[in-house]
Amino acid sequence: MPHIFAFIQRVVDARDPDIASHQSRLRSYAEGFAKHLSLNRDDSNTLAYGAEIHDIGKLSISESILHKPSRLTHAEYLLIQQHTQLGAELIQPLSLDDLVVAIVLYHHENFDGSGYPARLSGEKIPLLARIVRIIDSYDAITEDRPYHKGAQPADAIAMMHSDAHWYDPDLLKEFTAFISTSVT
Ligand SMILES: [Fe+2]
């Protein structure tokens, strides 16, 4: 039911265009990287939809925290982390594919077990969530923000390699190849 994802994206855009454009970019990265990985059609579609709505839970977070111009307190940071579970709760009545829900819930899990919300590690993290973890970081590092200019693709990849313990090593290797072929 692709229309559901388009609807969710419009709702997000109405509340917060920055989150919506981040989600749109992630959908594009997801489509390109799925091709690079030769994922089957079902997984490619699921990945694209999950990427497009992965931060839906941020709608449940107060505006004043989401757009706080100064540094977040530890308590505020913990609150923002709740967007993963809040997102899964928001979409629960839609009975979406379990793998889409897994992307929303687990896209901040780190390969070394240091992520959230469940501190899953390695292949216990669903594959599609491990992929979104990587493209989400890449977009955050390369995109211009009010307080910092986005990094160039090669610099972003280098930064991700210096934090390689967060990412599935095979996927990071493939993503590095994908970016170097798509940005020439
Ligand atoms: Fe997120």
Side-chain angles (χ1 to χ4, degrees), residues 4-5 7-34 46-68 71-92 94 96-121 124-148 150-151 156 159-160 163 165-168 171-172 175:
I4 283 286
F5 299 100
F7 168 70
I8 292 172
Q9 182 65 328
R10 283 185 186 209
V11 171
V12 173
D13 191 43
R15 159 86 194 277
D16 194 315
D18 289 344
I19 296 173
S21 52
H22 166 64
Q23 294 192 140
S24 296
R25 289 191 302 275
L26 246 58
R27 184 189 165 115
S28 308
Y29 287 130
E31 288 169 346
F33 194 35
T46 305
L47 177 65
Y49 293 140
E52 189 175 28
I53 67 162
H54 72 285
D55 269 341
I56 172 81
K58 286 192 175 166
L59 296 193
S60 302
I61 310 279
S62 143
E63 190 91 25
S64 62
I65 296 178
L66 271 187
H67 294 291
K68 192 178 170 188
R71 206 183 161 84
L72 294 173
T73 65
H74 184 62
E76 288 166 341
Y77 184 66
L78 292 178
L79 211 65
I80 286 194
Q81 288 191 346
Q82 288 180 15
H83 78 276
T84 50
Q85 292 114 306
L86 291 168
E89 282 166 29
L90 277 179
I91 59 175
Q92 194 264 333
L94 298 174
L96 299 176
D97 188 318
D98 286 347
L99 291 173
V100 172
V101 180
I103 289 171
V104 171
L105 189 55
Y106 297 128
H107 70 274
H108 285 283
E109 297 290 354
N110 291 334
F111 204 72
D112 65 358
S114 65
Y116 62 87
R119 299 180 73 88
L120 297 181
S121 62
K124 289 191 194 119
I125 308 166
L127 171 69
L128 301 183
R130 277 181 266 147
I131 293 175
V132 172
R133 178 74 183 86
I134 287 179
I135 59 180
D136 191 18
S137 275
Y138 181 78
D139 187 63
I141 298 169
T142 52
E143 195 53 26
D144 288 335
R145 298 277 166 99
Y147 45 91
H148 78 100
M159 286 164 77
M160 290 172 72
D163 289 320
H165 50 281
W166 288 343
Y167 311 110
D168 179 321
L171 288 175
L172 183 58
F175 188 70

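Just so you know, ligand 1 is whichever comes first in the structure, and atom 1 is the first atom listed for that ligand. No hydrogens, no waters, no symmetry mates; every other heavy atom, side chains included, goes into these values.
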(message) Does Tyr29 have more than 12 heavy atoms from other residues, nucleotides or ligands lying within 6.0 Å of its OH?
(response) yes
(request) Mind checking side-chain hydrogen bond (donor to acceptor under 3.5 Å, both in side chains) for Tyr116 and listing every partner two or more places apart, or none if nothing turns up? (result) His108
(request) Could you tell me which residues satisfy side-chain hydrogen bond (donor to acceptor under 3.5 Å, both in side chains) with Glu109, sequence neighbours excluded, listed by chain and number? (result) none
(request) Answer yes or no: is there a donor N or O on one side and an acceptor on the other, between the side chain of His107 and the main chain of Ile103, under 3.5 Å? (result) yes
(message) Just checking Lys124: does its NZ atom have more than 12 heavy atoms from other residues, nucleotides or ligands closer to it than 6.0 angstrom?
(response) no
(message) Among residues at least two apart in sequence or on other chains, which ones pass salt bridge (charged side-chain N to carboxylate O under 4.0 Å, His left out) with Asp168?
(response) Arg130
(request) Give me the protein N, O or S atoms that fall under 2.8 Å of the Fe ion (ligand 1), sorted by chain and residue number. (result) Asp55 OD1, His83 NE2, His107 NE2, His108 NE2
